[in-house]
Structure formats: C-alpha cells, structure tokens
Protein chains: 2
Amino acid sequence: MQRAPPQNKLLQQLSDQDLQKIIRHGKTIQMEFGQLLCEEGKDCGFVYFPLSGFISILTSMQHNQGLEVGLIGNEGMLGVLSSIGVHLSPVQAVVQGNGTALQIETQVFTAELKDSSTLQHLMQQYLAFYVIQLTRLVCCNHYHETEPRLARWLLMTHDRADGDQFFLTHQYLASMLGVRRSSVTEAAGALLQKNIIDYHRGQIHILNRTALEKVSCSCYRDLLDKQQLFLPDLPSVQTDFVR
Amino acid sequence: MQRAPPQNKLLQQLSDQDLQKIIRHGKTIQMEFGQLLCEEGKDCGFVYFPLSGFISILTSMQHNQGLEVGLIGNEGMLGVLSSIGVHLSPVQAVVQGNGTALQIETQVFTAELKDSSTLQHLMQQYLAFYVIQLTRLVCCNHYHETEPRLARWLLMTHDRADGDQFFLTHQYLASMLGVRRSSVTEAAGALLQKNIIDYHRGQIHILNRTALEKVSCSCYRDLLDKQQLFLPDLPSVQTDFVR
DNA sequence: AAAGTTTAGTGCTGTGGCGAACAGAAATCT
DNA sequence: AGATTTCTGTTCGCCACAGCACTAAACTTT
C-alpha cells in the first residue's frame, strides 16, 4: 500500500484536472487530537478531506447521551450535506487521530461542484453510502453487544490509522459506543485476555487483526462490502492477514 | 385541516406548473396493508408520494433482527435516494396504513428533476431531513426505553393516519421497535392503564394525544422541529390539544 | 518528594429487556 | 358446532448493562 504522498481516496477518483483544481482551491491543514472541526447545528464554513488521521462524527441528545455516528478517514470526507446545499451540520465533528486534511471553504466547494459532474456523482455516491452506514448503525447499536461493537470500532479505526497503534482511553471509547466506561474496561479486558489487543493508558495496540474481525459483529464486513459497491474504485482494505 | 382532495405536502410546495407535470407523469395507486413496495437491495423502479395512508421503511440484519428506520406519510416520499442517482434501495418498504399514493417511474422522475430546480431543492431538503432522522434514530433506539419509544411511534403514526384509530398488532409493533412481542404488550398495557390509548386485537385507538406526547421521548418533538426547519412550508401538525 | 490528575480494574445492587413457554379470549375456517 | 388460528396477557429465569463507588496504579505538575 502506498503511503506517501498521503492522499484522499475519494478525491483520487477525480480526473487530474479536477483534482488539481480542488487542491488549488483548498488548503492542507493539520488536524490534532481533540480539535473541534464542527459543532452541532452550526455552519462550520468548510468541508474536509482527510489525507491522514481521522475524524469522529458525534451526535448527542440531552443528558450527555451521545454516540458516534461516523468515523472519517482518508476514504471519506466531512461535510457531505454541503453537496446538497445543507450547510448546517446536524452533528459534531472532532479529530480522533492526528493527521492532515484538505480544507475547502463550503462556498468554493459548492462552486466547484457545479463545474464538475464527476465530483457531483462522487458526492452522491458517498452520500448514499453515508445513509446506508447510518441505517446499519441503527440496527447494530440496537442489537449487538458491547464486545463485538468495540471490536468493530477498533477495526474501523485501524483501517484509518496509519499503524497498529492509536491513542484512545476507555472513557473515550465509552462515549463513542454509548456505554459506561467500565463496560469498555470489561470488553477490552476480554480482548486483552485473548491476545487480540494490548493497551496501556490510552495506547491501544492491535495484535491480531484476523481474530479481531472474528469477534467483531458482521456489520464491519457488511459495510466494507457496501463501500465497495458504492465507491468501487477505492482500493480495498487488506483484512485477510495480520498486518 | 383540509382533507379533500388528499395531497402530498412535499409536492404541494411545487409550483402549479411543476405539480401538474408530475401528476401527469405519475399514476395514483391504491396502497394496501402489507403490500411490499420495495425490497432491500433491489431497484423497485418507482418513487412514491403518499396522498393518504403510510409506508414503513424497514432494515434488517441476519437472524430476523429487523427495525423500522422510517415512517412515510403524505409529508414525505419513498425513494429519495433516486434523486441522487442511487436506485438500489437499501431498505424494505411496506404499506402500514391503507391509502393512495402517486407512483412515478424512477426514470421519469429523474428526468423531471433535471427540469425543475425547485424539485431538486425540495428533494435535497427532504434527503437532509431523512439523514437527520436516521442520526437521531441511532441515538433514540440506543438510549430510550420501550414505552417512550412506543409512544413516539404511535404519535408518528397518528400524524400520518387520518383518524384516531389504526390497525397494528403487538407483534407488528414489536418488529418495528425491535423488541419482543410481550415487551410491547407490557408497554401498551401501561398506556392502556393510564387511559392514553385503547386497543383490541390490532385496532389501536388514541384517546389522549397530549398525554401520549408526555410519555413519549423528546425525539418526537425534536424531529418535528427539525422537519419545520428543513421543510418549513409544510403545515405543522396540531399537537397541543386532543383531536 | 509530594500532591494532584488521569487511566484502569473491580465490585456492588438494580433493572430493562430477552427467550421461552403457557393460557385464555376472540376471530376465522370447515 | 367444533377446530384452528390470531391476538393478547402473564410468568420465570437469565443476562447485559446501568449507576455508583472505591482502589490502585501511572503519569504530570509544583
């Protein structure tokens, strides 16, 4: 897998011409852990295409009841709704893993959209995939237990991180999954005992990816398959062996 | 509230000219309880704008684990994804309440879209609202208990039905909410005891709508508010008194 | 070195919902 | 009229997770 220069897999599907134009109109920024890219209910003014690192999409209700509803790495983008003219974000976006992203002003981006039917089509496909992800998430969160969900989350993060390690405390994971911190401790402890992962004060280490896939719910695989279906040109993630 | 002729509130927002054109290109069909309008993963070839009655949108995973992810009455449509060029439905659509709908061939509909920027904009807004609904549903289904969720479901159905009664067995409700049949019996029994609803072998009767709103989770109100925000021209549902 | 903070492990009780099963009542079929 | 099916009520044991609290490390700050 090529790793330099970092590139966004969505944008890679554009023609060189369109790609150059977009890059010229955007700005490559650093994303740092915890950085708030967008608040719920606000117009953050930009769309982002991660080149490395990843962004967590969060929704919340009253009483600190929050949940993660999306994880965006260099296979996706933040701000799809802008492509259908909706600039108020219904969700919060926080940087989860350090990296860089192409930041483009919403206005510039939508202007760009008008010019490129390829880009339009790409955004439509990505939006559809996002809807499908959400649909599945409704089901997964309702039926599946903490351990498989945790495993799925780790797999998704692993795909988006650039190595086998990343930083995430139990507390953080708990707020992503919508469970108690001690439930995460329990589930992560189970994975630890099976030698699937290792962790220490927030540093999570994936030891056996194949085994992780086995304890994960099928939603992980199913959604990867959907991604292939809707965004077929994306290079698929290698998952059949331990990296 | 005017009730005749039955009309779809989305389409009502079009200009007379566009509206007439759409009606001419579509066909008014009868919808009957249980009728399968669209299968998961298939291209059903049509989009539908309910005029009366309502449609349930269902998703499922392995092992009969299914859930309702949408309820569409004359305030919405079935097949929004067609408006962004995605014709394979990620969900199943079943008629929940008898009525009529304007049925339009997908191809005709997308052709129509090209001609009318108003229609385009309308579809974009509706799609955004659909995404927001899904986002909330992820949270609601995860955190809220059966009784408030049941109440919310009844309210949504009440809004889309044309009276205070509709047909739905506990078993049916259970599959919508993703819980056991006996959990529904329990929750419905609680509402019965509070004289909020009455039911008998599938005939559900809403007795006290105000009280129903109080036992429902706030997601009902919150989503109605969002609907107003995104589709502001829709006449709002009267909810502050017992109808 | 001491004090404070962050992260993780553990142990209680309480409970909402599951799975499964049984029973009665009402409707429908033969 | 009797038999079958559909709908609802109820119970029992079980379990995953909630809520809460306390402890023990490990790292950070002063």
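Source: prediction; values computed, not measured. Proteins get letters first, then strands, A, B, ... in listed order; numbering begins at 1 in each.
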- Sequence neighbours excluded - salt bridge (charged side-chain N to carboxylate O under 4.0 Å, His left out) pairs with any residue from residues 37-64 of chain B: Glu39(B)-Lys42(B)

- Item | Side-chain N or O of Tyr199(B) closer than 4.0 Å to phosphate OP1/OP2 of dG9(D) | yes

- Are more than 12 heavy atoms from other residues, nucleotides or ligands located less than 6.0 Å from atom CD of Gln165(A)? yes

- Glu186(B) CD to dG16(C) P, in whole Å, measures 9 Å

- Do the ring planes of Phe167(A) and Phe33(A) sit parallel (below 30°), tilted (30 to 60°) or perpendicular (above 60°)? perpendicular

- Step through the shown structure and confirm whether more than 12 heavy atoms of other residues, nucleotides or ligands are within 6.0 Å of CD on Glu186(A). no

- Item | Side-chain ion pair, Asp159(B) and Arg209(B), N-O less than 4.0 Å | yes

Do any N or O atoms of the protein come closer than 3.5 Å to N or O atoms of nucleotides 19-26 of chain C, and which pairs are they?
| residue | atom | partner | partner atom | Å |
| --- | --- | --- | --- | --- |
| dG19(C) | N7 | Arg180(B) | NH1 | 2.8 |
| dG19(C) | O6 | Arg180(B) | NH1 | 3.0 |

- Query: Rounded to the Å, how far apart are Gln171(A) CD and dT5(C) P?
  - Reply: 17 Å

- Does any pair with a residue in residues 59-81 of chain A pass ring pair (Phe, Tyr, Trp, His ring centres under 6.0 Å), and if so which ones, sequence neighbours excluded? none

- Message: Give me the atom names and distance for the closest heavy-atom approach of Met31(A) to Thr100(A).
- Response: CE-O, 3.9 Å

- Phe33(A) atom CZ is separated from dT6(C) atom P, nearest whole Å, by 13 Å

- Task: Could you check how far CD of Gln65(A) sits from P of dA18(D), rounded to whole Å?
- Result: 11 Å

- Integer-rounded Å distance: dA8(C) C1' and Ile197(A) CD1: 13 Å

- Please give, in whole Å, the distance from dT10(D) P to Leu192(B) CG? 10 Å

- Task: Grab the two heavy atoms, one from Tyr199(B) and one from Thr185(B), that are nearest each other, plus how far apart they are.
- Result: OH-O, 4.2 Å

- Task: Any pair with a residue in residues 192-202 of chain A that passes salt bridge (charged side-chain N to carboxylate O under 4.0 Å, His left out), sequence neighbours left out, goes on the list, sorted by first then second residue, please.
- Result: Glu147(A)-Lys194(A)

- Task: Go through residues 136-156 of chain A and report each residue with a non-hydrogen atom lying under 4.0 Å from DNA chain D, sorted by number.
- Result: Glu145(A), Thr146(A)

- Minimum heavy-atom distance Leu207(A)-Asn195(A), with the two atoms named: CB-O, 3.7 Å

- If we fit an axis to the first five pairs and another to the last five of the helix from dA1(C)-dT30(D) to dT30(C)-dA1(D), what angle do they make, to the nearest 10°? 30°

- Starting at CG of Leu177(B) and ending at P of dG16(C), how long is that distance when rounded to a whole Å? 17 Å

- Message: Can you measure Gln203(A) atom CD to dA25(D) atom P for me and round it to whole angstrom units?
- Response: 22 Å

- Query: Would you call the rings of Phe166(B) and His158(B) parallel, tilted or perpendicular if under 30° counts as parallel and over 60° as perpendicular?
  - Reply: tilted

